[in-house]
2 protein chains.
Amino acid sequence: MVPKSSSPKRSMSLEDIAARAGVSRSTVSRVINNETYVSEHTRRQVLAVIEQVGYAPNPAARALATQRNNTIGLVIPQVPLVLFEDPYYFPTLLQGISRIANAHDFALVLSLGDSDMDEARFARRIIANRLLDGAIIASAAPDTPLIPRLLEADMPFVLVERPGQESDRISFVTIDNVEAASHVVRHLIALGRRRIGLITGHLANTDAQDRLKGYRQTLDEAGIGADNNLIATGDFSYRSGYDGMRALIERRVDAVFASNDITARGALQALHDAGRRVPDDVAVIGFDDLPTATQVTPQLTTVRQPIEEKGAQAASILLDFIEHGCTTACRVVLPTELVVRASCGAASAQVRKAS
Amino acid sequence: MVPKSSSPKRSMSLEDIAARAGVSRSTVSRVINNETYVSEHTRRQVLAVIEQVGYAPNPAARALATQRNNTIGLVIPQVPLVLFEDPYYFPTLLQGISRIANAHDFALVLSLGDSDMDEARFARRIIANRLLDGAIIASAAPDTPLIPRLLEADMPFVLVERPGQESDRISFVTIDNVEAASHVVRHLIALGRRRIGLITGHLANTDAQDRLKGYRQTLDEAGIGADNNLIATGDFSYRSGYDGMRALIERRVDAVFASNDITARGALQALHDAGRRVPDDVAVIGFDDLPTATQVTPQLTTVRQPIEEKGAQAASILLDFIEHGCTTACRVVLPTELVVRASCGAASAQVRKAS
DNA sequence: TTAATTTCTGAGAGCGCTCTTAGAGCGCTG
DNA sequence: CAGCGCTCTAAGAGCGCTCTCAGAAATTAA
């Protein structure tokens, strides 16, 4: 694009509108901010001028006067984790956040951690640069310096996963990963599986930790007992699913719970390459219900989590804090759903039991 | 989080720093903006105070005074297209943009088109709200009202795909989709394939149009001739790959070029379900070189495009426009690379020829 | 030594808004 | 008809910066 450099097009100010409408700056301001005590006649007149010249208030001036930018940030200290291991997660979350931000006329700024920048500097930058009225934090390591700093700076924020340390000053929206994982395991047990393996997610992540916890608890409670040999440490990646599954095949598992769908895809591939049948030899269940879950053979049984809703809720809470001040931390736990497809063998379960 | 509502922590201003350093506001400003004509002694002193109190200038005040926000936007009028059909594309692009924006101390604002909002309103909003110094446009329909409006408003912008209408006022960075597609087809021809099908991308997208064009041209030039019966219209989705491939199987293709890797995955599945062997019966080539390309069987031959680089270049150009003004539109065409793996049958080509 | 130049610093206006304050106009009440 | 409250409007200060301008101090030139 090539703006004509000659363009002296200085955009309209409140003053200009006021002059054209024959009123004062204050009155125009009142109209724009939809305040009371403006006569209907004046209001119409001013609105007509605004409409006609296509005026919109200067956000910088407004921010300076109000000490608010009408801006929230999505802050991702560790980019690779959330951006790439679960490719649909991020765009979906973003869409939820964006929807709410748009509705409130807030701009959404994206702050991605940079490999050139340590997290402390990153945090300092986010806060010192008072561009953001609040932040949604995704994929923060439990010990990230960001959170204490945000607290210290009194900057409103909401996490989209369970925080590492409990605190009544940290708001978050999450799902019940423990229960969801438990559901998966109970489902597999009900289908007659006994040697149930787990491929964990990145254990710096509380979601991954909780899924592990739910898995353990449930096996213990069922009297089967969690067996560390059946737990392969992964990191939410395809590769870790593949490698983890290869290890678990050696351990003769008859089922595996993969901590996300990407990992599950890796596991499926490993099983395929090893000549194992799914679900007959090994049942597989994933997590997330990505579009790809239905694009593999057999189709993947998985846990659906409301990601868009997660983003939307986080944004709503944050905006509420910003607009109304907040008195108490807010925790939201969204429901999940086990989506039963072919890979867990629910369809062929009767057959198994009979044999 | 719960900010203590009691906190009257009014953050530092230039004036405060000036007072503490025993100099004037102007001098502090000069130090911060790294201007000349400040004595080394004063500079040190001021910097010490700034460091000590952790001061950072208020971006709103600065924006008001300079008429610049130090902010660029990534604008995506049609979210689903770029966000979901190619899950890795968007995060990768974003990372490239973010890297450059960070380096220049520009904030990155994300403007996603909203289903509740028609594109004209969306465009008006972007421009009227002068929050952005410039924009990177992704996944804009060729006839989007956004572009004429940006031109009209003299707002710097860069597209990350070839614009619909050529204009010497539109800057963009792209890849040579025509040539890349041509390369794919030539490769298949060289491998002895003759009935080469195409599953197109979303044809509202210029990338998709250009890949179609390259496909057509090359077949014509090779004397084989493009056959409309071998062209299935798709939309970059897995589904359209699956359905397109089913149609093309009927047409007895011996190779297929899928307009992206997602589509290619759908095609592979359709071939698998139909009992066709890849590459023996049908060779498959995709586009993008997503991580998933190596996660399918057989591994996918595909065209690699430098997506991160695309984002980085677009951001660099845009920032150059913003910081130095721009005199002439800038077009960048980045190179692509054909990544040969198993799905095109290059390995087994000798065998084919012999038989 | 004085004039001219260069280096450094501070004062002050202004960016475009919001918000407080004060005052004008109006219909009521007593 | 004085007094009150209500609705409406304008004036003006101030948000925290930048930038121009002018003047002081230091340096060089004449």
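Residue numbers begin at 1 in each chain, while the letters A, B, ... track the order of the sequences.
The side chain of B:Thr42 approaches C:dT9 more closely than any other nucleotide in the set D:dG12, C:dT9, D:dT9. The nucleotide whose nearest atom lies closest to any side-chain atom of B:Ala65 is, among C:dC17, C:dG10, C:dC15, C:dC15. When distances run from any side-chain atom of A:Thr66 to the nucleotides C:dC19, D:dG12, C:dT9, the shortest one goes to C:dC19.
For the pair B:Arg130 CZ and C:dC15 P, the interatomic distance rounds to 13 Å; values are reported in whole Å. In this entry the distance linking CG of B:Leu64 with P of D:dG16 reads 12 Å, nearest Å. With rounding to whole Å, A:Leu14 atom CG is found 14 Å from D:dA11 atom C1'. B:His41 places its NE2 atom 16 Å from the C1' atom of C:dT7, with the value rounded to the nearest Å. Between A:Leu131 atom CG and D:dC17 atom C1' there is a gap of 15 Å when expressed in whole angstrom units. Between the CZ atom of A:Arg62 and the P atom of C:dC15 there is a distance of 19 Å, given to the nearest Å. Separating the CZ atom of A:Arg25 from the P atom of C:dG16 is a distance of 11 Å, rounded to the nearest angstrom.
Although no hydrogens or angles enter the test, the distance criterion places a donor-acceptor pair under 3.5 Å between the side chain of B:Asp16 and the main chain of B:Ser13. One N or O on the side chain of A:Asp133 and one on the backbone of A:Asn69 form a donor-acceptor pair closer than 3.5 Å.
With hydrogens and angles ignored, no donor-acceptor pair closer than 3.5 Å exists between the side chain of A:Ser24 and the base of D:dA11.
Between the side chains of B:Arg130 and A:Ser11, a donor-acceptor pair is found at a separation under 3.5 Å. In this model, no donor atom of one side chain and acceptor atom of the other lie less than 3.5 Å apart for A:Glu161 and A:Thr206. The closest side-chain donor-acceptor pair between B:Ser39 and B:Thr42 falls under 3.5 angstrom.
At the phosphate of D:dT18, neither OP1 nor OP2 sits under 4.0 Å from any side-chain N or O atom of B:Gln67.
Contacts of residues 27-40 of chain A with DNA chain C (heavy atom under 4.0 Å): A:Ser29, A:Asn33.
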Residues B:Ile100, B:His104; criterion side chain to side chain contact (heavy atoms under 4.5 Å, CB included); working and verdict: CA-CA 6 Å; B:Ile100 303 298; B:His104 288 243; 4.0 Å; yes
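For the pair B:Asn33/B:Arg62, a side-chain contact is recorded, criterion being any heavy-atom separation below 4.5 Å from C-beta on. A 4.5 Å side-chain heavy-atom check between A:Phe122 and A:Ile76 finds every atom pair outside the cut-off. Contact of the A:Glu119 side chain with the A:Arg124 side chain is not registered, since no non-hydrogen atoms from C-beta on lie closer than 4.5 Å.
One end of the helix from C:dT1-D:dA30 to C:dG30-D:dC1 points its axis 50° away from the other end's axis, with each axis taken from 5 pairs and the angle rounded to 10°.
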